[in-house]
Number of protein chains: 2
Amino acid sequence: MSYKRSFLMEERLADNRQRILKAARALVAEGGFNHASIAAVAASAGMSAGAIYRYFPSKSALFVEVLTSAIDHEIAILQAIVQGEGDVTARLRACVESFANRALEGPYLAYAFIAEPAEQEVDEARLLGRIRFGEVFKSLLIEGIEKREFPAQSIDIGAACIVGAFTEALVRPIAPRAKRDGRAELVEGIVAFCLRAVGAKIF
Amino acid sequence: MSYKRSFLMEERLADNRQRILKAARALVAEGGFNHASIAAVAASAGMSAGAIYRYFPSKSALFVEVLTSAIDHEIAILQAIVQGEGDVTARLRACVESFANRALEGPYLAYAFIAEPAEQEVDEARLLGRIRFGEVFKSLLIEGIEKREFPAQSIDIGAACIVGAFTEALVRPIAPRAKRDGRAELVEGIVAFCLRAVGAKIF
DNA sequence: CCAAGAAGTGAATCGGGATTCACAAAAAAA
DNA sequence: TTTTTTTGTGAATCCCGATTCACTTCTTGG
């Protein structure tokens with residue numbers, strides 16, 4: 001019998017895989033999904049188009065992973081905030097602020113991840129991501145209501161609405177070409193909207 | 001010289017155009033944009049694929065028109081509510097309710113119009129539509145603040161957030177396959193969220 | 001009815017990017 | 001080193017639906 005991947009080989013492969021993901025992410029960040037053909041990704045990752053298929057079964061699969069891991073990262077950040085200290089209102093505010101700020105930082109990337117159309121599969125992943133974001137807010141809502149910071153209300157709907165609200169408010173300034181001033185005001189406006197919406201008392 | 005379109009001919013042409021639009025709309029309603037290839041539209045409209053191109057310069061153009069006219073219709077309805085009687089809060093509620101109910105009526109159509117990815121051009125039309133919906137809510141917000149029904153707040157952001165909120169809350173139950181019970185609760189939840197968000201006093 | 005122009009047909013073409021594949025290079029086993 | 005297996009290459013192929021176009025059919029004006 002024959003061939004067992006050496007450790008070094010193993011590493012190189014893993015490395016290539018990462019390089020592909022990174023290249024794909026970068027291309028999306030730079031010009032949206034359109035910009036990111038397999039050929040472009042391959043070139044940018046320093047390998048041939050065919051090679052990509054040793055690492056990912058299809059373009060969709062690749063981009064689903066790109067999207068999913070970006071979302072994972074985002075969720076982790078939010079989760080950390082949720083589990084942090086402070087009253088629920090403050091944490092909700094921090095979540096929205098944090099998300100919005102990062103989105104405004106990398107416009108194209110955020111646009112692609114929030115809104116840009118892509119393959120069926122990628123879209124499903126995005127919907128899933130939205131649902132996961134919703135879960136985060138759901139947990140905040142539950143806690144907020146429990147602690148009487150917020151009035152009783154429909155949790156699921158509220159969570160979805162929050163995600164939709166800041167997402168929509170972000171997409172317009174984010175969408176390619178849009179002006180990008182008044183960032184602070186934008187973020188503050190979104191936060192204020194969300195806090196009022198859940199009935200936080202500060203307002 | 002020769003040939004001048006008779007009135008009857010003129011009519012038949014206009015009729016065909018309408019038939020195409022209707023067929024396209026129906027196909028979208030039935031299975032989303034995917035379902036609606038030129039071939040399918042042609043077949044469903046009872047003519048050949050080539051003929052479509054006598055009426056529309058491209059597939060995109062056709063679907064942009066389908067989308068736009070649907071949005072026009074929707075906007076007209078909302079506008080009527082806005083200009084109707086009652087306090088601003090009531091009208092805002094009516095707008096959201098009305099939109100949501102119609103969206104839940106024709107799930108696929110609404111999904112396609114709200115969220116399903118499509119060609120660049122169609123997407124731009126959709127973004128435009130969202131902005132127009134935003135305008136409607138903007139006018140309500142302005143009036144509401146003027147009349148002291150709502151506290152001072154950022155108009156543009158608020159409008160965008162409202163659109164995003166109900167849109168998101170609708171898309172999930174709307175997205176192909178989702179269950180569809182508790183419609184009334186859903187609508188009521190969305191309305192409540194939006195009213196709180198703008199600071200309406202009822203709550 | 002005929003000629004000229006317009007509308008309709010649908011099979012062939014086109015486009016453009018994903019995917020494959022015959023082959024080459026590199027790595028492990030012998 | 002030779003053999004075997006894996007990995008990498010990139011041009012050719014495939015896919016698939018929009019779009020075109022040579023041709024037919026219908027309308028209009030004479």
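Naming convention: chains lettered A, B, ... in sequence-line order (proteins, then strands); numbering from 1 in each chain.
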Could you give the distance from CD (B:E119) to CZ (B:F33), rounded to the nearest 0.5 Å?
8.0 Å

Which heavy atom of A:I145 sits nearest to which heavy atom of A:A152, and what is that distance?
CG2-CA, 4.1 Å

Rounded to whole Å, CZ of B:R12 lies from P of D:dC26 at a distance of 10 Å

When the distance from CG of A:D15 to P of D:dG8 is rounded to whole Å, what number comes out?
12 Å

Determine the contact category for A:Y55: base if any of its heavy atoms lies under 4.0 Å from a base atom, sugar-phosphate if only primed atoms, P, OP1 or OP2 are that close, otherwise nothing.
sugar-phosphate

Minimum heavy-atom distance between B:V82 and B:S139, given as atom pair plus value:
CG1-OG, 3.9 Å

Whole angstrom is fine here: how far is it from CD1 in B:I52 over to C1' in D:dA18?
12 Å

Distance-only polar pair, side chains of B:R196 and A:Q153, donor-acceptor under 3.5 Å:
yes

Does A:N16 make a side-chain N or O approach to OP1 or OP2 of D:dT7 shorter than 4.0 Å?
no

Rounded distance in Å - CZ (B:F56) to P (D:dG17):
21 Å

With side chain to side chain contact (heavy atoms under 4.5 Å, CB included) as the criterion, how do A:L62 and A:L21 come out once you've worked through the C-alpha distance, each side chain's angles and the decisive distance to 0.1 Å?
CA-CA 7 Å; A:L62 165 56; A:L21 285 168; 3.7 Å; yes

To the nearest angstrom, the CD-P distance between A:E10 and D:dT6 comes to 13 Å

So B:F99 and B:F166, would you call those rings parallel, tilted or perpendicular, with 30° and 60° as cut-offs?
tilted

For nucleotides 15-24 of chain C, 5' to 3', base contacts (B), sugar-phosphate-only contacts (S) and non-contacts (-) with protein non-hydrogen atoms under 4.0 Å give ---SBB----

In whole angstrom, give the distance that lies between atom CE of A:M9 and atom P of C:dA25.
16 Å

About how many Å separate CD of A:E124 and CG of A:L67, when rounded to the nearest 0.5 Å?
12.0 Å

Whether A:S6 contacts C:dA28 is assessed here as follows: a side-chain N or O lying under 4.0 Å from the phosphate OP1 or OP2. Is that the case?
yes

Using a cut-off of strictly less than 4.0 Å, decide whether B:S48 has a side-chain nitrogen or oxygen near OP1 or OP2 of C:dT9.
yes

Between atom CG in A:L13 and atom P in C:dA27, what is the gap in whole Å?
11 Å

Once you round it to whole Å, what is the distance between C1' of C:dG8 and CZ of B:R17?
17 Å

When all nucleic acid strands are considered with a 4.0 Å heavy-atom cut-off, which category describes A:N34: base, sugar-phosphate, or nothing?
nothing

